[in-house]
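Here the structure is laid out as structure tokens; the discussion comes afterwards.
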There are 2 protein chains.
Amino acid sequence: MNQFNDQALQHIAQYFKALSEPLRLRLLNALREGERKVGELTEICGCSQANVSKHLAILADAGLILREARGTSVFYRVADPATYELCDLVCGHIARRFASDDGWRTAFLATAGKSE
Amino acid sequence: MNQFNDQALQHIAQYFKALSEPLRLRLLNALREGERKVGELTEICGCSQANVSKHLAILADAGLILREARGTSVFYRVADPATYELCDLVCGHIARRFASDDGWRTAFLATAGKSE
DNA sequence: ACACTTGATTGCTATGTAGCGATATAGTGA
DNA sequence: TCACTATATCGCTACATAGCAATCAAGTGT
């Protein structure tokens, strides 16, 4: 039983780890409104295509996004819209910590997509 | 605005990063029922006290737990019970992925503390 | 002051990974 | 087949951090 829990903890930790890089959060944010090609995501992120591809693979491995090749392009989309609940919860936590600073609060909510 | 969002993303990523290590999840799990001393947590985790102390500091820096020294002991407790909502959400996601394997599902739910 | 207990910090090694440029792979069209 | 486009992978460097043993720091009781 403890061994099972160890493996379960490792899976959960891996899930959180996938969300622990700003670039990957930016990618997820870019997928809020629907699927996108790798090229589009690369433009949005402003870094190398190789890097975007690598992080997309990490998100896909963690089960957060789904890959679908159509023609010469590859489209990614979020696997479970509930993923954003996580981000919104965290934004709420952090916003509470910085509640005294309205600028920060606004920035967090905007990032979470709550006030758009 | 973009700069604010960059900083916001970094904060959110840091929050997730704090949750991305099995040992830290185990510590949070041990704090479900209330505050605990470092010594108790060290026993539960079965690793060095130095390591536990370091990870507790990381959780505290991320604002996930609160520190309170009383006498020669130091007590830690969760800062926001809503933190466990995050873990439960993730457990749900993962359980859905492994829904075909009842053993895994049971292990995940037990780890989340949902079925105890 | 002294020993004792508890927790934090330091110094270290090993491992993981973000980032880039270069290259490989796969699909499309001439 | 050959060029062209889009994405993935490789080789690499730089940096972060998990883990331990050893030490430091702070509080307690004698």
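A note on names: the letters A, B, ... follow the listed sequences, proteins ahead of strands, and every chain is numbered from 1.
Here CG of L25(A) is found 11.0 Å from NE2 of H55(A). Values are rounded to the nearest 0.5 Å. With rounding to the nearest 0.5 Å, the separation of NE2 in H93(A) from CG in D80(B) is 4.5 Å. With rounding to the nearest 0.5 Å, the separation of CG in L89(B) from CG in L86(A) is 5.0 Å.
On the nucleic acid side, DNA chain C contacts chain B at distances under 4.0 Å to non-hydrogen atoms, with the end points of that region at dT6(C) to dT9(C).
Note on S73(A): only backbone sugar-phosphate atoms sit closer than 4.0 angstrom, heavy atoms only; bases stay farther off.
Mapped onto DNA chain C by nearest heavy atom, R70(A) and L23(A) fall at different nucleotides, with L23(A) at the one closer to the 5' end. Residue-to-nucleotide proximity on DNA chain D shows that, of E21(B) and K54(A), the 5′-proximal contact is made by K54(A).
When every heavy atom of A18(B) is checked against every heavy atom of R24(B), the shortest pair comes out as O-NE, 2.7 Å.
At least one side-chain nitrogen or oxygen of Y76(A) sits closer than 4.0 Å to the OP1 or OP2 atom of dA8(D). In this model, the phosphate group of dT7(D) is not approached by any side-chain N or O of R67(A) to a distance below 4.0 Å at OP1 or OP2. For H55(B) and dT17(D), the shortest distance from a side-chain N or O to OP1 or OP2 is not below 4.0 Å.
Remark: C1' of dT9(D) and CG of L56(A) are 14 Å apart, rounded to the nearest angstrom. In this entry the distance linking CG of L59(A) with P of dA8(D) reads 12 Å, nearest Å.
Connection of L27(A) to F75(A) is not established within any shared hydrophobic cluster, with ILVMFWY side chains joined at heavy-atom distances below 4.5 Å, either directly or through further cluster members. Under a hydrophobic-cluster definition in which Ile, Leu, Val, Met, Phe, Trp and Tyr are linked whenever side-chain heavy atoms come within less than 4.5 Å, directly or via other members, I58(A) and L19(A) are assigned to different clusters.
Remark: Y76(A) engages no residue in a side chain to side chain donor-acceptor pair (under 3.5 Å) (not counting sequence neighbours).
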Residues 41-53 of chain A, side-chain donor-acceptor partners within the protein, below 3.5 Å, at least two apart:
| from | atom 1 | to | atom 2 | distance (Å) |
| --- | --- | --- | --- | --- |
| T42(A) | OG1 | V38(A) | O | 2.9 |
| S48(A) | OG | N51(A) | N | 3.1 |

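Inspection of the N29(A) and R26(A) side chains reveals no N or O donor paired with an N or O acceptor under 3.5 Å.
Residue pairs satisfying the salt bridge (charged side-chain N to carboxylate O under 4.0 Å, His left out) criterion with at least one member in residues 49-75 of chain B, sequence neighbours excluded, are listed as follows: E35(B)-R70(B), E68(B)-R70(B), E68(B)-R77(B).
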Task: Derivation and outcome, side chain to side chain contact (heavy atoms under 4.5 Å, CB included), residues T83(A) and Y15(A) - done: CA-CA 11 Å; T83(A) 299; Y15(A) 196 99; 3.9 Å; yes
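For DNA chain D, if you chain together Watson-Crick or G-U pairs that step i with j, i+1 with j-1 and so on, the runs of at least three with distances under 3.5 Å are C:1-30 with D:1-30.
Within residues 36-51 of chain A, the residues approached by DNA chain D to less than 4.0 Å at the level of any non-hydrogen atom are K37(A), V38(A), G39(A), Q49(A), A50(A), in residue-number order.
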